[in-house]
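Quick caveat: nothing in here was measured; it's all calculated off a predicted structure. Hydrogens, waters and symmetry mates are skipped; everything else that's a heavy atom, side chains included, is used.
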Amino acid sequence: MKLSTIVFSIVAGLVIAGAGSAKAADIEGIWAKQCASCHGKDGKGNTKAGKLAGTKDLTDAKVQAEIKDDQAVKALKEGIKEKGTERFRMKPGQGLTDEDIKALIAHVRKFKG
Ligand code: HEC
C-alpha cells in the first residue's frame, strides 16, 4: 500500500468517527430536552415530573428486563396512556425519526449499570 493511501484511510476514518460522535451529541440533546424532565439526566426518574408520572428507575436491571424494544418504539411514537383514560403518562416524542428512536432506546439501555 502506498503511503498516500494509508494517510487517506486514516483521515477518512477520523471523519467517520467524528460524524458518529456528533450524532451521539444530538441524542444527548434530545434526551435533555424531551426526556430528562421525567426520566432525569441519569435515567433514575428522580425528578418532580418523573415522580408525578410514575417513571421507573432505568438504571435498575429488573426494569430494563421488562422493557421490550418493540414496545419501547411504540411508547416513543404513541406515548404511554394512563390505563382506561386518554391522559398521557408519557407523551410521544416530538419530531423523532425512526433512527432517533432507535438511538434513544440504545441510550436508555446504557443507563443499566
Ligand atoms: C411526562 C413524563 C415523561 C417524559 C417526558 C418521558 N417519559 Fe418515558 N416514561 C414515562 C413513564 C411514566 C413511563 C412508564 C413507566 C412504567 O410504568 O413502566 C415511561 C417509560 C419509558 C420507556 C419504557 C417503555 C416500555 O416499553 O416499558 C422508555 C424506553 C422511555 N420511557 C423513554 C423515554 C424517552 C426516550 C423520552 C424522551 C423522548 C421519554 N421517555 C420521555 C414518563 C415520561
Side-chain angles (χ1 to χ4, degrees):
M1 209 181 337
K2 279 197 305 194
L3 181 61
S4 59
T5 315
I6 295 170
V7 170
F8 175 77
S9 308
I10 293 170
V11 172
L14 288 176
V15 169
I16 292 165
S21 57
K23 216 166 171 259
D26 282 342
I27 291 305
E28 296 271 345
I30 295 173
W31 181 264
K33 251 196 178 143
Q34 291 195 36
C35 319
S37 58
C38 287
H39 290 287
K41 233 183 141 49
D42 58 4
K44 288 192 175 167
N46 209 0
T47 66
K48 216 171 162 188
K51 283 180 193 151
L52 274 174
T55 45
K56 293 182 179 169
D57 181 356
L58 296 174
T59 65
D60 184 334
K62 267 195 294 198
V63 170
Q64 286 276 350
E66 281 167 13
I67 299 174
K68 305 283 174 275
D69 282 354
D70 51 345
Q71 182 194 316
V73 169
K74 195 161 172 262
L76 283 170
K77 286 192 173 167
E78 300 170 15
I80 300 174
K81 285 187 182 159
E82 186 84 61
K83 259 209 178 85
T85 75
E86 288 302 303
R87 210 173 66 90
F88 282 116
R89 297 177 66 208
M90 171 169 144
K91 282 177 288 182
Q94 301 296 306
L96 302 180
T97 64
D98 286 353
E99 284 292 294
D100 294 337
I101 287 175
K102 245 167 85 183
L104 280 166
I105 293 168
H107 186 75
V108 163
R109 295 297 186 197
K110 275 193 266 170
F111 289 125
K112 184 179 127 190

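Residues V108 and L104 form no side-chain contact, since every pair of their non-hydrogen atoms from C-beta on lies 4.5 Å or further apart. Annotation: side chain of V63 is not in contact with side chain of K112 (no heavy-atom distance under 4.5 Å). Side-chain atoms of L58 and I67, non-hydrogen and from C-beta on, do get closer than 4.5 Å to each other.
With hydrogens and angles ignored, the 3.5 Å screen pairs no side-chain donor or acceptor of E28 with any backbone N or O of H107. Between the side chain of T47 and the main chain of C38, a donor-acceptor pair closer than 3.5 Å is present. At least one donor-acceptor pair under 3.5 Å links the side chain of W31 to the backbone N or O of G40. For the pair K68 (side chain) and A65 (backbone), a donor-acceptor distance under 3.5 Å is present.
In this structure, I27 CD1 and K110 NZ are separated by 9.0 Å, a value rounded to the nearest 0.5 Å. Here OG1 of T55 is found 13.0 Å from NZ of K44. Values are rounded to the nearest 0.5 Å.
D42 meets the salt bridge (Lys or Arg N to Asp or Glu O under 4.0 Å) test with no other residue; sequence neighbours excluded. Listed by chain and residue number, nothing satisfies the salt bridge (Lys or Arg N to Asp or Glu O under 4.0 Å) test with K102 (two or more places apart in sequence, or in another chain). Every residue two or more places apart in sequence or in another chain that forms a side-chain hydrogen bond (donor to acceptor under 3.5 Å, both in side chains) with T97 is listed here: D100. For Q34, there are no side-chain hydrogen bond (donor to acceptor under 3.5 Å, both in side chains) partners at least two apart in sequence or on another chain.
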Show which side-chain atoms of residues 88-96 pair as donor or acceptor with protein atoms under 3.5 Å away, not counting sequence neighbours.
residue, atom, partner, partner atom, Å
R89, NE, A53, O, 3.4
R89, NH2, A53, O, 3.3
R89, NH2, G54, O, 3.3
Q94, NE2, P92, O, 3.2

Identify every side-chain donor-acceptor pair in residues 70-83 under 3.5 Å, counting partners at least two apart or on other chains, and give the distances.
residue, atom, partner, partner atom, Å
K77, NZ, D98, OD1, 3.4
K81, NZ, E86, OE1, 2.9
E82, OE1, R87, NH2, 2.8

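Residues K41 and F111 share a closest heavy-atom pair of O-CE2, 3.6 Å.
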